Amino acid sequence: MTSPISAAITAPFSTATGADVKVRFCPSPTGLPHVGLIRTALFNWAYARHTGGTFLFRIEDTDAERDSEESFEMILDALGWLGLNWDEGVGVGGPAEPYRQSERKHIYEEIIAKLKASGHIYESYLTGEEIDARNEAAGRPKQLGYDNSERDLTEDQKAAYRAEGRSPALRLRVPDVDISFTDLVRGEITFPTGSFPDFVVVRPNGQPLYTLVNPVDDALMGVTHVLRGEDLLSSTPRQIALYNAMYQAGITQFIPQFGHLPYVMGEGTKKLSKRDPEANLFHHRDRGFIPEGLLNYLALLGWGLSADQDIFTLDELTAAFDVANVNPNPARFDQKKADAINAAHIRKLTAEDFKSRLVPYLQSAGLIGASLTEAEDAILTEAAPLIQERITVLSEAAPMLGFLYKSANEIVVEDDAKAGMPANTRQIIDAAIVALDSLSEADFKTEAIQEALQSALIDGLGEKPRNAFGPLRTGISGRRISPPLFESMQILGKAETLTRLQQFAEAN
RNA sequence: GGCCCCAUCGUUUAGCGGCCUAGGACACCGCCCUCUCACGGCGGCAGCAGGGGUUCAAAUCCCCUUGGGGUCACCA
């Protein structure tokens, strides 16, 4: 059976480098943004910024059943929050508009017509059941799928099918050759001929499938490097076959280069599932990851800046990033490591920046109102630096700072704080009250407070610091763990501090 | 099952034939600092899946085994 078209892969792969590089991020708007998806966006973005090339953003919304506008908005939200900006595509436009596949139907129709005219795609009338039956009759394993038996249907045969009321799906004629490519992260990969059959690219109702539109858009938009998840690795030879068809039909000039990024694993040997809370990008934002920290950790999912530095900035990332250095091993999402990375970035923030990032978390915890009052702001200015190196995610600020925003009667002593009280708590508190009361309102500052308490409790009562200050800490905060004590007292002020200590003394 | 990918401390990663008695980070365990908790500092625990080759020399190259994962749709 001779085919009218070349049986070989004749299209060249892209050789683009530097500013000629064009990468893309093309999610389907289904569900919540997955950290693996965003990692993919990050690597594409970083590669574009590193090379000086173009980062394109396209939406693959050809599946009306599953796609949602809400999901689309969340993707925009995620990219915006992280600062992953794009040079071409949805919202910013470009030479290949539109950038949402749902708006490109007429373009696909044109391409389909060309590929049909060139003989690269052909009509297929067999139903799934019929294909199974043919395989069974021929003793051919069912798993092999379609047997390419309609490649050379005559016009009469087609007419006969149509007379039965059938509409044809369209399949790509896959060259009967081994298909090889050099994966940017995995090296040379070859799929032997016969690894997959001629596949459907257009439904009988005329609706084009992902198998067609993804490569078609990449070709039409001039994408030179396809960096995507490992799950698409085995569909790559199919796509190469399609690019080759488009090349032979004069639609495109090259096949992009491919790089398949490692999976993001959860616990054990399982892919991080959509059900796992840490798979949801917004889960991390809600906990109080800052973009710098999350981006840094996401980059570590398959890549590293250097052997001995795993805390880095976005600038350092883009300066160094190269797909060639991406690790092919599956990466495991390690929440503890991620938290540690985030904590390191939080510590690097300026005091002012850190403070402002805290606000939304204190608001959602109900500690402060929608608009920051002057008093609330003043407290935060003093208190934020006290916790900057004590938290790993911003949401931890609320429980730590809560006592500063509550009134004395709202302070509830936590159980584990009660349990650790020394026997002479009352004595310690009373002595502290006397010592603090001797300070003037104006002198009620960290250093003076410390001196007064030191001399009254450590020197005076002969208490160990640990024993002396623990009850005071609990007295003013209700907790066993708090920001530094003397600073906290200064923020509360003399009157409030004494009120709380008196209240606590009476309770003991 | 066919095809494809992957394999270094608990986790992640460095290592691209000799700098390796295998380095870092996170986690964990000590100690120091210290008003709690952190931060910071110091120290410790712990790994090349197994077997064959190639080579003067292998964690590094090749093959096999084992293990894990993916994919084989008229989803994306």
Side-chain angles (χ1 to χ4, degrees), chain A residues 26-30 60-63 65-67 101 124 127-128 141-146 167-171 183 185-187 189-192 194-197 199-205 207-211 213-214 229-238 260 262-263 265 267-271 297 300-311 327-341 343-344 347 386-392 396 400 417 420 450 453-454 457-458 464-470 472-474 477 479-488:
Chain A
C26 53
S28 285
T30 59
E60 307 223 332
D61 52 353
T62 54
D63 186 345
E65 296 287 303
R66 296 167 51 204
D67 297 328
Q101 290 187 331
S124 171
T127 64
K142 186 179 173 179
Q143 293 93 326
L144 258 35
Y146 183 61
S167 296
L170 263 27
R171 289 181 187 269
D183 190 280
V185 342
R186 288 152 214 278
I189 297 174
T190 299
F191 288 76
S195 293
F196 53 90
F199 55 94
V200 172
V201 292
V202 181
R203 281 179 171 153
N205 67 7
Q207 186 187 20
L209 297 170
Y210 163 82
T211 50
V213 298
N214 176 273
E230 189 185 342
D231 49 330
L232 272 332
L233 182 59
S234 48
S235 70
T236 302
R238 290 165 231 267
H260 289 91
Y263 281 109
M265 311 292 287
E267 288 296 309
T269 58
K270 295 236 169 50
K271 245 173 92 175
Y297 184 66
L300 255 15
L301 260 20
W303 185 79
L305 181 73
S306 70
D308 58 2
Q309 182 186 351
D310 55 15
I311 305 294
N327 199 297
N329 302 358
R332 190 174 312 278
F333 192 94
D334 180 347
Q335 190 67 61
K336 284 191 171 150
K337 175 88 174 188
D339 286 356
I341 298 281
R347 280 176 235 128
L386 303 180
I387 63 166
Q388 188 165 0
E389 62 185 29
R390 284 165 224 275
I391 62 175
T392 56
E396 289 170 3
M400 281 193 155
Q450 178 162 12
L453 291 175
Q454 196 106 23
L457 306 179
I458 312 300
K464 286 200 173 5
R466 186 182 199 90
N467 238 15
F469 301 132
L472 302 184
R473 181 183 311 287
T474 299
S477 71
R479 309 182 81 214
R480 194 172 56 80
I481 297 168
S482 81
L485 182 63
F486 316 120
E487 285 84 345
S488 297

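Please read these numbers as outputs of a predicted model, since none were measured by experiment.
If you check B/U71, B/C6, B/C74 against the side chain of A/Asn329, the one that comes closest is B/C6. Side-chain atoms of A/Ile189 lie closest to B/C5 of the nucleotides B/A76, B/A25, B/C5. When the nucleotides B/U71, B/C74, B/A14 are ranked by their closest atom to the side chain of A/Val200, B/C74 comes out on top. With distances taken from any side-chain atom of A/Ala340 to the nucleotides B/C4, B/C74, B/C26, the minimum falls on B/C26. Closest to the A/Tyr263 side chain, of the nucleotides B/A76, B/C74, B/G69, is B/G69. Here the nucleotide nearest the side chain of A/Tyr210, chosen from B/A7, B/C4, B/A76, is B/A76. For A/Gln143, the side-chain atoms get nearest to B/G1 when compared with the rest of B/C4, B/G1, B/C26. The nucleotide whose nearest atom lies closest to any side-chain atom of A/Arg347 is, among B/G40, B/C26, B/A76, B/G40. Listed candidates were B/G70, B/C5, B/C75. Nearest to the side chain of A/Arg203 is B/C75. For A/Pro328, the side-chain atoms get nearest to B/A7 when compared with the rest of B/A7, B/C74, B/C39.
Partner assigned to B/C42 is B/G30, using Watson-Crick or G-U wobble distances below 3.5 angstrom. Base pairing analysis places B/C3 opposite B/G70; the two distances defining the Watson-Crick or G-U wobble pair are each below 3.5 Å. Pair assignment for B/A25: B/U11, on the basis of Watson-Crick or G-U wobble contacts that are both within less than 3.5 Å. Across all strands shown, B/C19 has no partner, as no Watson-Crick or G-U wobble contact with both distances under 3.5 Å is found. Nucleotide B/A49 forms a Watson-Crick or G-U wobble pair with B/U65, both donor-acceptor distances falling under 3.5 Å. Pairing partner, B/U55: none, since no Watson-Crick or wobble contact has both distances short of 3.5 Å.
A/Arg186 has no side-chain polar atom (N or O) that falls below the 4.0 Å cut-off from OP1 or OP2 of B/C4. Contact annotation: A/Arg332 side-chain N/O to B/U12 OP1/OP2 distance is under 4.0 Å.
Taking atom P on both nucleotides, B/G52 is separated from B/G68 by 23 Å, rounded to a whole Å. Taking the P atom of each, B/U36 and B/G43 are spaced 24 Å apart, rounded to whole Å. Here the separation of B/C19 from B/G1, taken at their P atoms, is 41 Å to the nearest Å. Using atom P as the reference point in both B/G51 and B/G17, the two lie 24 Å apart (nearest Å). For the P atom pair drawn from B/G24 and B/A14, the interatomic distance equals 15 Å after rounding to whole Å. Taking the C1' atom of each, B/U12 and B/C48 are spaced 15 Å apart, rounded to whole Å. B/G41 and B/U60 are spaced 35 Å apart, taking the C1' atom of each and rounding to whole Å. Separation of the P atoms belonging to B/C4 and B/A49 is 23 Å when rounded to the nearest angstrom.
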Evaluate the side chain to side chain contact (heavy atoms under 4.5 Å, CB included) criterion for residues A/Cys26 and A/Asn214: first the C-alpha distance (whole Å), next the side-chain angles of each, then the deciding distance (0.1 Å), finally the verdict. CA-CA 9 Å; A/Cys26 53; A/Asn214 176 273; 3.9 Å; yes
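Using a 4.0 Å heavy-atom cutoff across all strands shown, A/Pro204 reaches at least one base atom of the nucleic acid. At the heavy-atom level, A/Pro237 lies nowhere under 4.0 Å from the strands shown. Among the protein residues, A/Phe191 comes within range of the sugar-phosphate backbone only, with heavy atoms under 4.0 Å from sugar or phosphate atoms but none that close to a base. Using a 4.0 Å heavy-atom criterion, one finds that A/Thr392 contacts no nucleic acid atom at all.
Where A/Val185 and A/Gln207 each meet RNA chain B at their nearest nucleotide, the meeting point lying more 5' is that of A/Val185. Map A/Asp67 and A/Thr190 each onto its nearest nucleotide of RNA chain B; the residue landing nearer the 5' end is A/Thr190.
The ring of A/Phe333 has its center closer than 6.0 angstrom to the ring center of A/Tyr297.
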Short N/O separations, protein against nucleotides 35-37 of chain B, under 3.5 angstrom:
from  : atom 1 : to       : atom 2 : distance (Å)
B/C35 : O2'    : A/Arg473 : NH2    : 3.1
B/C35 : O2     : A/Arg473 : NH2    : 2.4
B/C35 : N3     : A/Leu485 : N      : 3.4
B/U36 : O2'    : A/Arg480 : O      : 3.3
B/U36 : N1     : A/Arg473 : NH2    : 3.3
B/U36 : O2     : A/Ser482 : N      : 2.9
B/U36 : O2     : A/Ser482 : O      : 3.1
B/U36 : N3     : A/Arg473 : NH1    : 3.3
B/U36 : N3     : A/Ser482 : O      : 2.7
B/U36 : O4     : A/Arg390 : NH1    : 3.4
B/U36 : O4     : A/Pro484 : N      : 3.4
B/C37 : O2     : A/Arg390 : NH1    : 2.8
B/C37 : N3     : A/Arg390 : NH1    : 2.1
B/C37 : N4     : A/Arg390 : NH1    : 3.4

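No donor-acceptor pair under 3.5 Å is formed between the side chain of A/Thr392 and the backbone N or O of A/Ala340. Without hydrogens or angle criteria, A/Glu230 side chain to A/Pro330 main chain gives no donor-acceptor distance under 3.5 Å. Looking at A/Ser167, its side chain never comes within 3.5 Å of a backbone N or O of A/Asn205 through a donor-acceptor pair. Between the A/Ser28 side chain and the A/Thr30 main chain, no donor and acceptor come within less than 3.5 Å of each other.
Minimum heavy-atom separation, A/Asp183 to A/Val185: OD1-N, 2.8 Å. When every heavy atom of A/Phe191 is checked against every heavy atom of A/Leu233, the shortest pair comes out as CZ-O, 4.0 Å.
The distance between atom CG of A/Leu301 and atom P of B/C6, rounded to the nearest whole Å, is 18 Å.
A distance of 11.0 Å separates CZ of A/Arg390 from CD1 of A/Ile481, quoted to the nearest 0.5 Å.
Here A/Arg66 pairs with A/Asp63 under the salt bridge (Lys or Arg N to Asp or Glu O under 4.0 Å) rule; sequence neighbours left out.
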